[in-house]
Each structure stands twice: as C-alpha cells, then as structure tokens.
There are 2 protein chains.
Amino acid sequence: MRLPVARAVEVCPVEVAVSVLGGTWKLTLVKHLLTGTKRFNELGRLVPLANTKTVTRQLRELEEDGIVQRTVHPEVPPRVEYRLTARGRSLAPLVTMMNDWGAEFAGETIRS
Amino acid sequence: MRLPVARAVEVCPVEVAVSVLGGTWKLTLVKHLLTGTKRFNELGRLVPLANTKTVTRQLRELEEDGIVQRTVHPEVPPRVEYRLTARGRSLAPLVTMMNDWGAEFAGETIRS
DNA sequence: CGGTATCCAACTAGATACTG
DNA sequence: CAGTATCTAGTTGGATACCG
C-alpha cells in the first residue's frame with residue numbers, strides 16, 4: 001500500500017487509485033463528505049470504529065493527495081472543517097458503486 | 001482492513017467493499033482476470049511488483065470471498081487456472097472506473 | 001474542540017530459498 | 001509450474017492519556 005504514484009501507474013492505473021484510496025476509512029470519509037462539509041468530530045461520529053488518531057491520519061493523507069481541503073477557523077473553541085475538492089467530488093460515482101456493491105455483497109453473504 | 005462483513009455493513013456498505021477488495025493487488029488481479037482465465041505465473045508476471053507469496057494469499061482471499069474460482073488440473077507439470085465468478089465479473093464497471101480515475105490522477109500528479 | 005504523544009499489538013509485505 | 005517455508009522490515013491500527 002502507498003506505492004508512489006509514479007511507480008504504481010507503470011504497473012496499472014488501478015494501482016494508483018488503490019494507493020490513494022486504499023486506507024481503511026478513506027472512502028467512507030469521502031462518502032460522508034459528499035453530503036457536505038463536516039467538522040472533525042462529526043466525521044469521527046460517522047465512523048465510530050475508527051479512533052481520532054486514525055481519522056486524523058487518513059484525512060491528512062487525503063489532503064496531501066488533493067481530495068480533501070482542511071480549513072481551520074481561528075475561534076475558541078476551535079472549528080476545523082473538511083470539504084471535498086473538485087478532485088474529491090469526482091469520486092462520487094465510484095463511491096456510489098462501491099456502496100451498492102458492498103450492500104449487495106453483504107446481503108448475499110449474510111443470507112447464506 | 002479485513003473487518004468482518006457483518007460489522008462493516010453496520011457502519012457503511014462502502015466498508016464492506018473496502019474490506020473485500022482492499023488488498024494491495026486484488027483489484028489489479030481482478031482487472032487482469034476480466035480479460036480471461038489466467039494461470040498462476042501469468043498473473044504473477046502481470047503484477048511484477050508482488051511476489052508469489054503475496055499473489056497467492058490475495059488470490060486465496062478472493063477465492064474465499066467468492067470473487068475468483070481456482071481450478072487445479074492434475075497434470076505434470078501442474079496447471080492451476082484462475083477465473084472470475086459471476087460475483088467477480090460484477091466488478092467490471094468498478095474496475096473500469098478505478099482505472100480511469102487512477103490514470104487521470106496520475107496524469108495530473110505527474111504533470112504538476 | 002480538535003487534535004498529539006506514547007506505547008504496543010497485529011497484520012502486511014518482501015527477499016530468499018526450497019519442494020512435489 | 002505453482003506454490004510453501006522462513007525470517008524480517010515496515011505499516012496500520014488501537015488504547016489511553018494529555019494539550020492549547
């Protein structure tokens with residue numbers, strides 16, 4: 001995981017996407033951000049199995065990769081907002097497909 | 001990674017898909033299998049950065065999850081073929097999207 | 001509120017060598 | 001050919017506590 005883009009693309013562009021999106025919670029975070037700007041603890045509540053450290057790291061990597069934009073509002077108490085960039089919003093169809101495929105898979109698996 | 005399906009789906013169906021498909025080479029293997037049945041070393045050559053151990057494990061997990069079917073032909077030398085199941089073929093649109101998105105991402109990233 | 005720091009367990013991945 | 005065995009390095013994730 002986290003192969004440099006330049007190498008990944010030589011093997012296969014699919015690898016690039018896996019490299020950028022492959023963190024355990026990344027696509028779920030993107031999914032929630034597709035419904036609008038969110039604050040840090042809001043995202044944390046939406047992904048209850050991940051702890052703050054994990055959420056922080058994955059958001060920072062998404063930021064580095066230009067998927068997410070982080071805005072700090074200098075207030076007390078602090079307010080930090082996360083929103084998708086244009087590149088992040090371009091993931092909408094992909095997230096929808098993964099969501100549908102995952103729901104289908106879970107339905108079949110749990111029935112059997 | 002590799003959250004049990006039953007828990008993942010409670011959080012979000014996207015997590016299910018990530019759990020099943022999130023291995024570093026899994027989607028690339030699926031992509032190559034979409035073009036037809038392949039033998040073990042053929043797949044290995046198509047994913048040159050992964051070693052045999054890694055390819056083996058990821059194929060086995062895909063098999064457990066009903067994405068890939070493994071057929072051993074009792075010959076000398078041995079021949080083992082991997083093909084997608086119906087569930088595996090249902091990933092075709094997803095793989096295409098990831099491929100296109102990855103290519104786009106790499107293009108933008110390398111240019112800048 | 002939105003994180004960091006620390007420490008630690010578990011898993012992943014790779015190199016290399018070997019086998020039925 | 002299609003793996004397995006062994007050993008090791010590196011990454012991910014989690015619990016808990018603390019900070020500006």
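Values below: all heavy atoms of this structure, side chains included; hydrogens, waters and symmetry mates excluded. Residue numbers begin at 1 in each chain, while the letters A, B, ... track the order of the sequences.
Remark: C1' of D:dG3 and CD of B:E81 are 16 Å apart, rounded to the nearest angstrom. We find that CD of B:E61 is positioned 12 Å from C1' of C:dA13, with the value rounded to whole Å. Rounded to whole Å, atom C1' of D:dG3 lies 16 Å from atom NE2 of B:H73. A:R7 has its CZ atom 10 Å from the P atom of C:dG14, to the nearest Å. For the pair B:E15 CD and D:dT12 P, the interatomic distance rounds to 16 Å; values are reported in whole Å. Atom NZ of A:K26 and atom P of D:dT11 are 14 Å apart (whole Å). A:R39 has its CZ atom 7 Å from the C1' atom of C:dC1, to the nearest Å. Across the protein-nucleic acid pair, A:Q58 atom CD and C:dT4 atom C1' stand 17 Å apart, rounded to whole Å.
In this structure, B:I67 and B:K26 have side chains that are not in contact, with every pair of non-hydrogen atoms separated by 4.5 Å or more. B:S19 has its side chain out of reach of B:V5: every pair of non-hydrogen atoms, C-beta onward, lies at least 4.5 Å apart. Side-chain contact check for A:V18 versus B:T28: every heavy-atom pair is 4.5 Å or farther apart. Between B:K31 and B:L27 there is no side-chain heavy-atom pair separated by less than 4.5 Å.
At D:dG3, one or more side-chain N or O atoms of B:R70 fall inside 4.0 Å of OP1 or OP2 (strictly under the cut-off). A sub-4.0 Å separation between OP1 or OP2 of C:dG2 and a side-chain N or O of A:R60 is absent. Phosphate proximity of C:dA13 to B:T54: absent, as no side-chain N or O sits under 4.0 Å from OP1 or OP2. For B:Y82, no side-chain nitrogen or oxygen approaches OP1 or OP2 of D:dC1 to under 4.0 Å.
Other residues, nucleotides and ligands contribute at most 12 non-hydrogen atoms within 6.0 Å of the CZ atom of A:R83. When the shell of 6.0 Å around CZ of A:R7 is examined, it contains 12 or fewer heavy atoms from other residues, nucleotides or ligands.
Between B:P13 and A:A103, the shortest heavy-atom distance links the atoms CB-N, 3.7 Å. Listed here is the closest heavy atom pair of B:R39 and B:Y82: C-CD1, 4.5 Å.
When each of A:A50 and B:T56 is assigned the nucleotide of DNA chain D with its nearest heavy atom, B:T56 is the one assigned upstream, toward the 5' end.
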Checklist entry - What string of B, S and - do you get for nucleotides 15-20 of chain D 5' to 3' if you count protein non-hydrogen atoms under 4.0 Å? => result B----B
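Taking five base pairs at each end of the helix from C:dC1-D:dG20 to C:dG20-D:dC1, the local helix axes there meet at an angle of 60°, rounded to 10°.
Note that the CG atom of A:D65 and the OG1 atom of B:T109 stand 7.5 Å from one another [nearest 0.5 Å].
Following chains of ILVMFWY side-chain contacts shorter than 4.5 Å, one cannot reach A:V76 starting from A:F40, and the two form parts of different hydrophobic clusters.
Nucleic acid contact class of B:E42 (heavy atoms, under 4.0 Å, all strands): none. When heavy atoms are screened at a 4.0 angstrom cut-off, A:R57 is found touching base atoms of the nucleic acid.
Picking from C:dG2, C:dT4, D:dC1 the nucleotide with the shortest atom distance to the side chain of B:P77 gives D:dC1.
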